[in-house]
K.L.:
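Mind having a look at this structure? Questions to follow.
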4 protein chains.
Amino acid sequence: MSLLFEPVYTDGIAQISYVIGDTDAGIAAVIDPRRDIEVYLDCARANGVRLAYAIETHIHADYVSGVHELAERAGARIAGPVSDDYGFERRLLRAGERLELGATSLEVLHTPGHTPEHISLLLRDEMQGEAPFGVFTGDTLFNLDVGRPDLLGEEQTRALARQLYSSLFETLVPLGDRIEVYPCHGAGSACGKSIGDRRQSTIGNERVFSDALEPRDEDGFVEWLLQDMPEPPRHYARIKKLNGQGAPLGGGAPIPPPLAPDAFRDAAEDAQVVDVRSILAFGGGHVEGAINIALRDPFANWAGRMLDADRPVLLVAEKAQDAYQAALHLHRIGIDDVAGFLRNGMTDWQNAGLPLERIDQWTVHELDRRRLEQDVLVLDVRSDAEVAKGRVPGARHVFVAHLEQQLEELDREKTIAVYCGTGYRASIAASLLRRHGFAHVANVPGSWTAWQAAGLVV
Amino acid sequence: MSLLFEPVYTDGIAQISYVIGDTDAGIAAVIDPRRDIEVYLDCARANGVRLAYAIETHIHADYVSGVHELAERAGARIAGPVSDDYGFERRLLRAGERLELGATSLEVLHTPGHTPEHISLLLRDEMQGEAPFGVFTGDTLFNLDVGRPDLLGEEQTRALARQLYSSLFETLVPLGDRIEVYPCHGAGSACGKSIGDRRQSTIGNERVFSDALEPRDEDGFVEWLLQDMPEPPRHYARIKKLNGQGAPLGGGAPIPPPLAPDAFRDAAEDAQVVDVRSILAFGGGHVEGAINIALRDPFANWAGRMLDADRPVLLVAEKAQDAYQAALHLHRIGIDDVAGFLRNGMTDWQNAGLPLERIDQWTVHELDRRRLEQDVLVLDVRSDAEVAKGRVPGARHVFVAHLEQQLEELDREKTIAVYCGTGYRASIAASLLRRHGFAHVANVPGSWTAWQAAGLVV
Amino acid sequence: MSLLFEPVYTDGIAQISYVIGDTDAGIAAVIDPRRDIEVYLDCARANGVRLAYAIETHIHADYVSGVHELAERAGARIAGPVSDDYGFERRLLRAGERLELGATSLEVLHTPGHTPEHISLLLRDEMQGEAPFGVFTGDTLFNLDVGRPDLLGEEQTRALARQLYSSLFETLVPLGDRIEVYPCHGAGSACGKSIGDRRQSTIGNERVFSDALEPRDEDGFVEWLLQDMPEPPRHYARIKKLNGQGAPLGGGAPIPPPLAPDAFRDAAEDAQVVDVRSILAFGGGHVEGAINIALRDPFANWAGRMLDADRPVLLVAEKAQDAYQAALHLHRIGIDDVAGFLRNGMTDWQNAGLPLERIDQWTVHELDRRRLEQDVLVLDVRSDAEVAKGRVPGARHVFVAHLEQQLEELDREKTIAVYCGTGYRASIAASLLRRHGFAHVANVPGSWTAWQAAGLVV
Amino acid sequence: MSLLFEPVYTDGIAQISYVIGDTDAGIAAVIDPRRDIEVYLDCARANGVRLAYAIETHIHADYVSGVHELAERAGARIAGPVSDDYGFERRLLRAGERLELGATSLEVLHTPGHTPEHISLLLRDEMQGEAPFGVFTGDTLFNLDVGRPDLLGEEQTRALARQLYSSLFETLVPLGDRIEVYPCHGAGSACGKSIGDRRQSTIGNERVFSDALEPRDEDGFVEWLLQDMPEPPRHYARIKKLNGQGAPLGGGAPIPPPLAPDAFRDAAEDAQVVDVRSILAFGGGHVEGAINIALRDPFANWAGRMLDADRPVLLVAEKAQDAYQAALHLHRIGIDDVAGFLRNGMTDWQNAGLPLERIDQWTVHELDRRRLEQDVLVLDVRSDAEVAKGRVPGARHVFVAHLEQQLEELDREKTIAVYCGTGYRASIAASLLRRHGFAHVANVPGSWTAWQAAGLVV
């Protein structure tokens with residue numbers, strides 16, 4: 001077999017990197033590698049190839065790039081687009097040139113929009129023929145979505161949106177319907193507004209299915225694009241800076257130590273305690289002051305937004321394996337100071353007779369029953385766009401990402417019942433309220449989804 | 001390398017099986033295999049050996065034997081002790097004879113006590129010399145404990161206890177201090193009173209460390225042995241019968257289907273719903289009628305005791321992987337009718353707006369504060385032996401395994417706060433009470449362990 | 001994530017099966033499963049889905065289908081096209097109907113040509129929209145190739161070729177360039193003349209790159225298709241019959257036993273000895289009478305052609321793992337009677353002082369030097385089509401698959417130097433000649449490839 | 001479960017390291033770690049423990065220690081014996097003190113002999129009781145053997161042998177028969193004369209089975225010990241120096257690049273080409289100048305002896321995976337400059353029409369037939385001790401490790417037939433002879449083992 005084409009999907013950041021090369025020639029490159037790179041080394045070993053290049057399509061904002069790890073560990077040469085925002089040496093990939101990997105080659109297209117320097121890479125293989133058959137689109141074109149242009153600050157957003165229009169409609173779409181699309185992200189990534197759940201597509205399929213590729217003029221496109229755009233996650237600026245400078249070597253997946261209850265308690269005084277258990281488990285009992293960000297798919301996203309990368313993190317998880325997994329997610333977004341995790345889940349804590357906090361978990365029926373009581377404040381922590389589509393009658397709205405800044409506006413005397421789309425973000429918010437001393441807080445599992453399913457009044 | 005010696009530890013049943021053989025000769029046997037046998041096939045492949053024999057040291061009561069699976073799948077010949085309780089053909093292993101496995105051999109010792117037919121197997125290897133150097137003791141001798149003689153019914157208990165004395169002091173101990181001991185169980189198994197946490201030992205180390213091998217006369221030994229003996233798990237009789245007849249082929253680890261909330265609800269009408277999440281998660285919110293047996297080490301033991309093997313089981317777990325793991329544990333103890341698990345943990349359920357039950361999780365400090373209130377009944381569900389060593393003042397005692405038979409004695413008007421050693425069994429009990437319509441039930445995480453750690457009054 | 005799309009590539013048969021479904025709904029199907037199905041069970045477990053259907057696009061000729069295994073092991077329902085050649089119950093998949101798998105669905109297209117009953121399956125996902133975006137083409141359309149129509153016998157070949165024309169140009173191509181193509185085979189499979197090395201493509205890419213989709217009228221297509229068509233592998237008829245009847249349950253990957261040299265020798269009297277080591281290792285020393293089919297990619301193909309499925313097979317390999325791998329390849333093509341493998345590679349054999357045969361390995365330079373000597377017969381064992389493009393001057397041509405039938409035409413007095421494309425098939429032929437008593441046989445590693453690389457006279 | 005006891009066996013160096021600790025307390029240490037440490041990190045993760053210490057029992061001579069890797073990667077503190085030969089900071093382990101790991105502890109015994117600083121570690125666990133139950137003996141006591149005292153040079157040998165006597169008979173044996181023995185090496189290691197194939201034993205079993213522990217006085221023991229002691233492998237001095245200074249960080253298992261035939265040929269001019277295929281494969285055809293050290297168990301040992309650690313190494317293997325495995329073995333013994341491996345085994349080389357060398361592989365019967373011919377020189381390359389027990393009549397003896405120094409004594413006009421114990425070392429020798437221009441060389445697979453099995457004249 002000659003063509004090597006191995007997509008590597010990374011959950012949490014919903015990211016797709018690619019090992020691409022020629023097994024006959026024994027050479028390959030990795031496109032947009034993540035930080036924990038053993039998966040690429042394993043792929044190289046399984047296929048008997050040298051990892052000649054570690055390629056970036058652009059300076060990533062949502063995860064720490066693994067190109068430096070690959071350079072260090074596998075001798076790969078870093079390659080990437082032309083940009084002054086890069087602070088390290090690399091093989092420049094200029095529009096029009098080709099990188100040969102045996103019988104396979106990558107041709108560089110400049111496709112600015114998500115970022116100014118962004119490139120896409122056309123894939124050819126000699127066995128197929130002269131023409132390309134696929135394109136690595138990075139964060140330019142996703143399934144059912146396109147890369148957002150607003151991550152570099154408001155002043156650049158509209159200019160980038162216009163560049164994106166050109167990249168999409170003048171560079172990518174003209175490649176033809178038949179061309180396969182290999183994007184850098186799948187559903188769940190905040191690099192698009194609402195990315196689809198396919199990890200691969202074709203230009204033609206995107207033309208048919210994607211709202212973003214509806215025929216519009218440039219102004220219409222820009223308007224469509226920026227409308228309902230959620231605010232950028234707070235941590236993206238930090239990560240982009242890190243990647244521009246050249247991310248520090250991490251040396252592999254972290255292995256934070258287990259801490260006995262007493263040691264954990266001591267360490268917690270100067271740390272952020274993150275409880276990654278499910279919302280019901282957190283509700284049933286947790287360590288005082290802990291914030292609940294459950295270890296499910298959006299974990300990395302919300303951990304990135306809610307945590308301070310400069311302060312140590314302590315983890316509470318159902319089991320050690322979950323703690324390591326959470327630490328790995330944090331590592332991938334550049335939060336490396338995980339000082340430890342609570343030994344043996346909550347069991348050692350419980351057995352030591354230490355205090356447990358609870359947060360009541362109300363069904364939507366309970367919420368509906370109690371929302372008219374005088375001392376209940378219903379708090380909707382969804383984004384503006386979600387709230388615009390409907391809410392629980394009488395609910396107050398504060399987006400979870402702004403909650404800590406707006407605490408003073410909430411009445412501490414009342415019971416606050418928090419809801420979001422499903423209860424996930426509401427549990428983050430509820431735990432924050434408790435940490436800030438709000439005494440009576442309830443979470444609503446199912447939240448807006450359940451409210452609608454139950455046919456309750458909107 | 002010639003000698004093949006691979007212990008296989010199986011958690012849940014805290015069981016140790018062994019692949020033993022000669023890699024030069026390409027032959028091996030499995031001693032006391034579990035029911036899901038891929039692990040032995042993998043070991044055979046890794047070492048290039050034929051699995052010639054599937055050996056039982058005795059008719060097991062605590063897990064379904066895998067000898068028939070090995071016969072079917074790998075062509076192994078079943079071998080085991082002489083006993084009329086066996087209902088299938090096998091190569092008989094009579095006291096004194098040797099089974100040759102290349103340069104390795106197993107010599108049969110009759111060591112009755114745990115059961116009448118029980119054998120142990122002396123291990124030799126030609127490279128070492130003429131003498132044996134280790135012994136597979138099955139359920140006769142464990143680390144810090146010996147096999148219990150009371151599983152075949154009261155009428156046989158004392159006679160078996162006397163046989164055990166002889167097996168230990170006249171057969172095994174005389175082998176000499178140097179002889180290595182390879183038992184069938186480790187800590188957590190109910191085949192002994194209180195097995196130690198080493199999975200291997202020596203005759204001499206057991207002589208030094210084990211209470212069971214203290215010098216005593218036969219009467220003294222029998223008395224010591226039967227004192228504080230916990231009652232046999234209810235399911236052992238069923239499994240022993242199954243193994244005696246020849247366990248049905250299971251065909252590998254089960255893969256129960258995920259069920260949507262509605263389908264789950266329908267199926268639950270005729271099934272036992274088992275929630276395997278942690279006690280705090282269960283407390284935070286669960287499906288009505290579910291019993292909580294958390295997927296930790298004693299899961300198989302308590303599932304065996306509390307569930308009806310003839311009724312379908314439905315599972316609730318944090319994630320699909322946990323449900324499969326729980327189903328595997330059940331499979332190993334012969335509970336095969338797992339009709340499905342709740343799709344997507346509790347999330348789909350919550351999002352559908354379906355009802356959630358809660359059980360409050362009290363710390364021991366809360367328990368202590370509230371136990372004097374008139375409407376609180378403190379219920380201790382530990383075993384008699386545990387209770388004998390101390391309890392919460394005023395606590396009523398009903399062993400969890402008897403709870404369903406004694407419900408009528410409890411006052412349904414009161415809040416019942418249940419505790420056990422750590423909260424695990426108390427959560428089983430609390431969920432049972434709720435299922436039987438007790439309206440006000442609390443569990444106490446940490447339970448007696450926390451009570452003592454907190455220095456509360458006894 | 002909702003859409004589940006997992007291609008499973010199986011080397012040896014260069015086959016691609018697919019697990020396709022909806023993880024949110026917890027349901028999936030397997031399309032064209034292989035016989036050893038653990039990989040699908042693992043995929044189901046990893047994604048928390050029920051395997052509801054085991055689907056065949058057609059009656060396979062090149063590998064034993066795993067649909068019955070999936071029915072038995074996972075409770076999947078078998079589904080497949082309408083055909084009288086099927087001898088078992090299944091859910092019929094009729095042209096035009098849709099199989100729903102949660103939000104994902106498969107629409108049946110009748111695409112005869114490779115076989116009369118062949119169906120393709122259009123893939124839709126609600127998240128994308130109304131239209132399909134991909135098609136499972138089975139053996140109708142591959143990368144750079146199409147399914148061969150000549151496997152059911154000469155009398156049907158041309159009719160099937162015409163149906164294929166219609167399936168391709170009237171059913172598949174009109175789906176549009178954008179449609180993704182998921183075929184059942186990759187490079188190396190004999191289900192096409194010369195399949196490309198991509199395992200996925202698009203209708204448009206195939207239109208651009210594939211010779212088969214060049215615009216032609218029906219007659220022109222049929223002529224192009226049948227020209228240079230290699231003869232069907234001998235074992236395909238046997239496997240097709242097996243699959244039509246319903247393949248017998250295999251119960252998982254085989255684990256043949258290691259045999260000591262003496263036992264191997266005894267067993268060899270009634271068995272086919274297959275040496276799966278490399279051609280150089282075989283040349284260096286081998287067991288008398290062994291046929292050399294090296295364990296590289298075409299192994300399954302040549303083992304299928306050269307071996308008798310009704311006689312026991314004995315294996316010689318560098319190590320046990322290779323023997324198991326070879327046995328698995330044979331299992332996948334329905335050769336189940338692997339009686340064992342030579343223990344410890346050739347080492348035990350060598351150490352026992354047993355006879356070694358050698359076959360000299362000539363470079364092309366040696367071949368060139370010696371081909372003019374009177375007693376050297378140069379034998380080209382490639383296919384007719386390959387020979388037509390050039391050969392070593394003076395070489396005699398007998399296709400390796402016909403060699404055993406044409407032995408009488410070869411001069412036993414001469415040294416026979418055998419070559420093929422690279423030496424692989426030549427080593428099969430050379431070993432056959434030795435088995436039939438030809439005393440002086442040499443193999444030519446590199447063969448025609450090396451001859452050309454060395455610029456020797458053609 | 002509390003006690004964590006995980007032996008890690010590393011083939012090639014036949015080494016056993018141990019992860020030992022307390023899972024309840026979440027703490028563990030690694031004793032005598034190898035250089036590629038992922039296995040310990042995986043163990044730590046699986047058990048939820050912190051790797052607090054990386055312990056050496058002595059300065060190893062046969063493999064590069066992984067203590068520095070563990071310090072760097074896992075934050076483990078290095079601990080080891082008192083010795084001026086160490087050039088780096090560490091927690092000193094002085095005789096008599098205890099290292100606590102939760103409820104588990106290690107007590108230091110000074111057991112000089114193999115080296116002056118050597119310590120053993122007594123293992124206790126609170127659950128068992130006060131007394132120790134096992135001892136990590138490092139290279140002091142093995143199964144059926146003891147550590148050799150001659151690796152630090154002749155002048156120290158006898159003094160160390162006397163210290164060993166004391167360590168064995170005054171320190172270890174008095175611990176009592178019951179004490180379990182956990183050694184640092186198994187069969188195949190050159191750290192003993194002839195280590196047994198058990199990886200664990202007891203003091204009592206060694207007393208019964210081991211020649212080394214036969215009752216002798218000190219002089220008798222020293223005489224017994226030094227008699228028949230094979231010469232120390234050449235590379236041990238280099239590795240001991242490296243470990244004393246502190247081995248350089250390796251960063252994980254190496255991934256040498258595949259090289260195309262031309263690039264390989266160029267690189268070979270300044271490198272040592274090592275062909276790790278089996279002796280028969282090497283005999284069948286190989287690259288000119290290659291030395292054959294087959295990738296079987298003694299590979300690391302012979303690679304260490306025969307290769308120059310300061311010159312680049314190029315590998316030839318059946319497949320890439322074997323090349324990586326060989327590179328890992330070399331990495332473990334501090335040979336890090338592996339410049340690449342021949343792409344695609346010998347296939348690309350063959351297909352390029354490049355020259356192949358052959359070495360005829362004679363059976364012992366051929367050897368016997370031809371040894372009386374005038375032009376055949378029979379060369380025995382076994383060690384002195386082996387030769388002393390018998391040889392092929394008329395054979396000349398040169399130990400393979402000395403062969404390159406004694407080439408001038410061999411007659412280049414003759415056919416040289418080389419044999420050893422099984423053909424493995426003879427193939428090393430035969431390939432060396434060919435590299436040095438000897439034109440007519442044959443190897444004898446099976447060699448002395450086959451000669452005896454065939455009953456040929458001695």
Side-chain angles (χ1 to χ4, degrees), chain A residues 1-7 9 11-12 14 22-24 46-47 102-104 123-135 143-145 173 175-182 186-189 194-211 213 296-298, chain C residues 1-7 9 11-12 14 22-24 46-47 102-104 123-135 143-145 173 175-182 186-189 194-211 213 296-298:
Chain A
M1 199 61 42
S2 160
L3 177 66
L4 173 63
F5 179 89
E6 285 282 342
Y9 182 77
D11 61 2
D22 178 341
T23 58
D24 282 352
N47 290 285
T104 300
L123 178 61
R124 283 176 176 82
D125 185 71
E126 285 176 13
M127 194 192 195
Q128 302 298 313
E130 288 290 303
F133 52 84
V135 60
N143 174 233
L144 304 185
D145 205 347
V173 168
L175 293 172
D177 278 3
R178 69 177 175 86
I179 294 292
E180 298 167 28
V181 171
Y182 319 122
S189 164
S194 177
I195 303 180
D197 64 357
R198 301 198 59 223
R199 296 170 189 173
Q200 196 170 319
S201 187
T202 63
I203 294 289
N205 278 334
E206 291 312 308
R207 274 208 316 107
V208 168
F209 296 119
S210 178
D211 232 28
L213 296 192
R296 293 174 62 97
D297 235 359
Chain C
M1 198 59 44
S2 159
L3 177 65
L4 172 64
F5 180 89
E6 284 282 340
Y9 181 78
D11 63 0
D22 178 341
T23 58
D24 282 353
N47 291 284
T104 299
L123 178 61
R124 283 176 175 81
D125 186 73
E126 286 177 13
M127 194 192 195
Q128 302 297 313
E130 288 289 305
F133 53 85
V135 60
N143 174 234
L144 305 185
D145 205 347
V173 168
L175 294 172
D177 278 3
R178 69 178 174 85
I179 294 291
E180 297 166 30
V181 171
Y182 319 123
S189 164
S194 178
I195 304 180
D197 62 358
R198 301 197 59 223
R199 297 171 188 172
Q200 195 170 319
S201 187
T202 63
I203 293 289
N205 278 335
E206 290 312 307
R207 273 207 318 106
V208 169
F209 295 118
S210 177
D211 231 27
L213 296 192
R296 293 174 62 96
D297 235 358

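Numbered from 1 within each chain, the chains take letters A, B, ... in sequence-line order. Note that these values count all heavy atoms, side chains included, but never hydrogens, waters or copies made by symmetry.
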K.L.:
Please classify the contact between D11(C) and chain A as side chain, backbone, both or neither, with a heavy-atom cut-off of under 4.5 Å.
P.N.:
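For D11(C), neither part sits under 4.5 Å from chain A.
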K.L.:
Side chain from CB out, backbone as N, CA, C, O: work out which of these in I195(C) comes under 4.5 Å of a heavy atom of chain A, or both, or neither.
P.N.:
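It is the backbone, since no side chain atom gets that close.
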K.L.:
Does any part of the side chain of N143(A), heavy atoms only, come nearer than 4.5 Å to the side chain of Q128(C), both counted from C-beta?
P.N.:
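A side-chain contact exists here, since the closest heavy-atom pair is under 4.5 Å.
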K.L.:
Select one option (side chain, backbone, both, neither) describing which atoms of I203(C) are under 4.5 Å from chain A's heavy atoms.
P.N.:
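Neither part.
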K.L.:
Checking the side chain of D22(A) only, and the main-chain atoms of A103(A) only, is there a donor and an acceptor separated by less than 3.5 Å?
P.N.:
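Checking the backbone N and O of A103(A) against the side chain of D22(A), a donor-acceptor pair under 3.5 Å is found.
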K.L.:
Give, as side chain, backbone, both or neither, the part of S201(C) having an atom under 4.5 angstrom from any heavy atom of chain A.
P.N.:
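Its backbone and side chain both get close to chain A.
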K.L.:
Tell me the closest heavy-atom pair linking F133(C) and R124(C), and the distance in Å.
P.N.:
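Heavy atoms only, the tightest pair is CE2-C, 3.8 Å.
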K.L.:
Could you tell me which of I179(A), D125(A), L144(A) has the largest number of non-hydrogen atom pairs under 4.5 Å with chain C?
P.N.:
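Highest number of heavy-atom pairs under 4.5 Å: L144(A).
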K.L.:
Between N205(A) and E180(C), do the side chains contain a donor N or O and an acceptor N or O under 3.5 Å apart?
P.N.:
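Indeed, the side chains of E180(C) and N205(A) share at least one donor-acceptor pair under 3.5 Å.
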K.L.:
Applying side-chain contact (heavy atoms from CB on, under 4.5 Å), name anything that partners A131(C), two or more places apart in sequence or on another chain.
P.N.:
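A131(C) satisfies side-chain contact (heavy atoms from CB on, under 4.5 Å) with F209(A), R178(C) once adjacent residues are dropped.
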